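All ligand and atom numbering here is 1-based and tracks the order in the structure. Worth saying up front: this structure is predicted, and the values here are computed from it rather than measured.
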Amino acid sequence: MNAMSTDTLRTEVAIIGAGPAGLLLSHLLAAQGVESVVLETRTRDYVAARIRAGILEQSSVDLLTEAGLGERLAREGDQHRGIYLQFPHERHHLDFVDLIGRSVWVYGQTEVTADLVAARDADDQQFFYSISDTALHDVDTDRPYVTFTDAEGAPRRVEAVAVAGCDGSFGPSRGAIPGGSTWEKTYPYAWFGILADVAPSTDELIYAWHPNGFALHSMRSESVSRLYLQVEPGTDPASWSDDQIWDELATRLGHGQDGWTLTPGPVTDKSVLPMRSYVHAPMQHGRLFLAGDAAHIVPPTGAKGLNLAIADVALLAPALTDLVRKKDARLADAYSQTALRRVWRCTHFSWWMTTMLHRSGDPFDEQLQLSQLRWVTSSEAGATGLAENYAGMPFA
Ligand code: APR
Ligand code: PHB
């Protein structure tokens, strides 16, 4: 072969992106005997170390466990009955187990990804990491293919029965769907997130409304805490000293109220996240199917991003299995319409939690937020609605 020829390989599903969506899809397909190749621009180490939200819905835990990925999750994950919702002088526990009989798990997305990478490696999954120039071709035919440049600089081509666009919000897959609609909302605030080497000061997550802005106390383990502050978009993480961060967290989370204290500790990571809602429809075109952030983004307030990616894949894996194995396209044809129902439910819930809890600067909004918080924390109907959305509806 001369230096300019393209190395071509054939598989059943070409998966673009090795985030949770792409990795889980390759895993579920492999369990059904469907072969895939996973293509990723980043390095393996980068993919495995990214820090992201860490709440799993009951259905996500069930699916990961059924897929053989639940061993470390069961050992190291932390099952939570609910959350605390807080506004000045009041902290209320919403017990999802009492309200709807379902719970949530604290288990970092970094851990989910690491477990998936380990499982795929053990299964000899074919990966191409550190690729560039990813391009999709002929997705409206039954012989779609993806071209790219591999880590050594060689041109490559992967031919498949179907292509799964699991390439996140900046990948090329969404752009390969002609027409379609997008709905988008950018929120006028951002989250300043820290990781800290200190035991969490709370048994369950605290979502706090405060006149200075929203704060969240989350956690990663018995010795690592994850906390967030609402800040202006574009805030430079280096512009806040560690002391300033802990002081503001203490104020917003209610340090000293009813004997509760926030214990500060060494900050090991600081980052600022933008807040955006985005939905693209349809989530498919011909033999191209989008899953996860490639099709939708939610602000992190409802902790839905990872769960929604898992829910998409829970639909897409059987749909592609039927398509590849039985040439039965019924589930595949219905994929986008079925997936979008949950996408919009989670998009609404994430928007609702976000607008209920963040300072907008408008005094009228503030009174509405407080009224809404009082209702959600005092009415069983209000609390049940939040619980059902937060803990998530069953995937089926
Ligand atoms: N070619 C190959 N891979 C690509 C390309 C490309 N051109 N562009 C992007 N990618 C890769 C990214 O490097 C990333 O690893 O696609 C992957 C997409 O992964 P994620 O962004 O993690 O998206 P997804 O798998 O859908 O997971 C959704 O991530 O953002 C969070 O809150 C969100 O928890 C949710 C989860
Ligand atoms: C997190 O732990 O990172 C986290 C938890 C809950 C959220 C968002 C992020 O709503």
Among residues at least two apart in sequence or on other chains, which ones pass side-chain contact (heavy atoms from CB on, under 4.5 Å) with Leu9?
Val37, Gln126, Phe128, Arg156, Val158
Ionic contact status for Arg342 with Glu57, cut-off 4.0 Å:
yes
Using the test side-chain contact (heavy atoms from CB on, under 4.5 Å), find all partners of Leu63 that sit at least two apart in sequence or belong to another chain.
Leu24, Leu28, Ile310, Ala314, Phe395
Determine, for Asp98 against Arg81, whether the closest basic-nitrogen to carboxylate-oxygen distance falls under 4.0 angstrom.
yes
Could you check which of Leu39, Leu306, Ile297, Leu308 puts a non-hydrogen atom nearest to atom 2 (C) of ligand 1?
Leu39
Against heavy atoms of Gly292, which atoms of ligand 1 measure under 4.0 Å?
26 (O)
Considering only the protein, which heavy-atom contact is closest to atom 36 (C) of ligand 1, and what is its distance?
Gln109 OE1, 3.4 Å
How close does the nearest protein non-hydrogen atom get to atom 22 (O) of ligand 1, and which residue and atom is it?
Arg52 NH1, 2.9 Å
Given that the side chain starts at C-beta and the backbone is N, CA, C, O, which of these parts of Ser169 lies under 4.0 Å from ligand 1, counting heavy atoms, or is it both or neither?
neither
Check this for me: Gln79, atom CD, are more than 12 non-hydrogen atoms of other residues, nucleotides or ligands nearer than 6.0 Å?
yes
Element-labelled atoms of ligand 1 that are located less than 4.0 Å from some non-hydrogen atom of Cys166:
16 (O), 17 (C), 18 (C)
Ring centres under 6.0 Å, that's the criterion: do Trp191 and Phe214 meet it?
yes
Rounded to the nearest 0.5 angstrom, the CZ-OG1 distance for Arg91 and Thr202 is 6.0 Å
protein heavy-atom neighbour closest to atom 9 (C) of ligand 1 works out as Asp167 O, 3.2 Å
Among all protein non-hydrogen atoms, which one is nearest to atom 19 (O) of ligand 1, and what is the separation to 0.1 Å?
Gly19 CA, 3.4 Å
So for atom CZ, which belongs to Arg276, do other residues, nucleotides or ligands contribute more than 12 heavy atoms lying within a distance under 6.0 Å?
yes
How close do His255 and Leu262 get, heavy atom to heavy atom, and via which atoms?
ND1-N, 2.9 Å
Return the set of residues passing ring-ring contact (aromatic ring centres under 6.0 Å, His included) with Phe96 (not counting sequence neighbours), or none when no residue passes.
Tyr390
re atom 13 (O) of ligand 1, the protein heavy-atom contact at minimum distance is Glu40 OE2, 2.6 Å
What I want to find out is whether Glu90 reaches Arg374 closely enough, with some N-O distance under 4.0 Å, to be called a salt bridge.
no
Tell me if a side-chain donor or acceptor on Asp362 pairs with a main-chain N or O of Phe364 at a distance below 3.5 Å.
yes
Counting only heavy atoms, tell me which of Ile131, Val38, Asp293 gets closest to atom 33 (C) of ligand 1.
Asp293
Would you mind running through ligand 1 and noting each atom that sits below 4.0 Å from a heavy atom of Gly17?
3 (N), 11 (C), 16 (O), 17 (C)
Polar contacts were defined as any N/O atom of the residue lying under 3.5 Å from an N/O atom of the ligand; does this apply to Val47 and ligand 1?
no
When you check the gap from the basic side-chain N to the acidic O, do Asp333 and Arg330 get nearer than 4.0 Å?
no
May I ask you to identify the nearest protein heavy atom to atom 27 (O) of ligand 1, giving residue, atom name and distance to one decimal place in Å?
Pro20 CD, 3.5 Å
Scanning both residues in full, the closest heavy-atom pair of Phe127 with Ala18 reads CE2-CB, 4.4 Å
With a cut-off of 4.0 Å, which atoms of ligand 1 are near a heavy atom of Pro172?
6 (C), 7 (N)
Would you mind running through ligand 1 and noting each atom that sits below 4.0 Å from a heavy atom of Gly171?
8 (N)
At a 4.0 Å threshold, what atoms of ligand 1 neighbour a non-hydrogen atom of Arg42?
13 (O)
Hey, what polar pairs (N/O, under 3.5 Å) does ligand 2 make with protein?
from: ligand 2; atom 1: 2 (O); to: Ser218; atom 2: OG; distance (Å): 2.5
from: ligand 2; atom 1: 2 (O); to: Arg220; atom 2: NH1; distance (Å): 2.8
from: ligand 2; atom 1: 3 (O); to: Arg220; atom 2: NH2; distance (Å): 2.9
from: ligand 2; atom 1: 3 (O); to: Tyr228; atom 2: OH; distance (Å): 2.5
from: ligand 2; atom 1: 10 (O); to: Tyr207; atom 2: OH; distance (Å): 2.6
from: ligand 2; atom 1: 10 (O); to: Pro300; atom 2: O; distance (Å): 2.8
from: ligand 2; atom 1: 10 (O); to: Thr301; atom 2: O; distance (Å): 3.2

Using modelled atom types and a 3.5 Å cut-off, is there a donor and acceptor pairing between side-chain atoms of Arg359 and backbone atoms of Tyr189?
no
The protein heavy atom nearest to atom 3 (N) of ligand 1 is Thr41 N, 3.4 Å
Minimum-distance protein heavy atom relative to atom 25 (O) of ligand 1:
Ala21 N, 2.9 Å
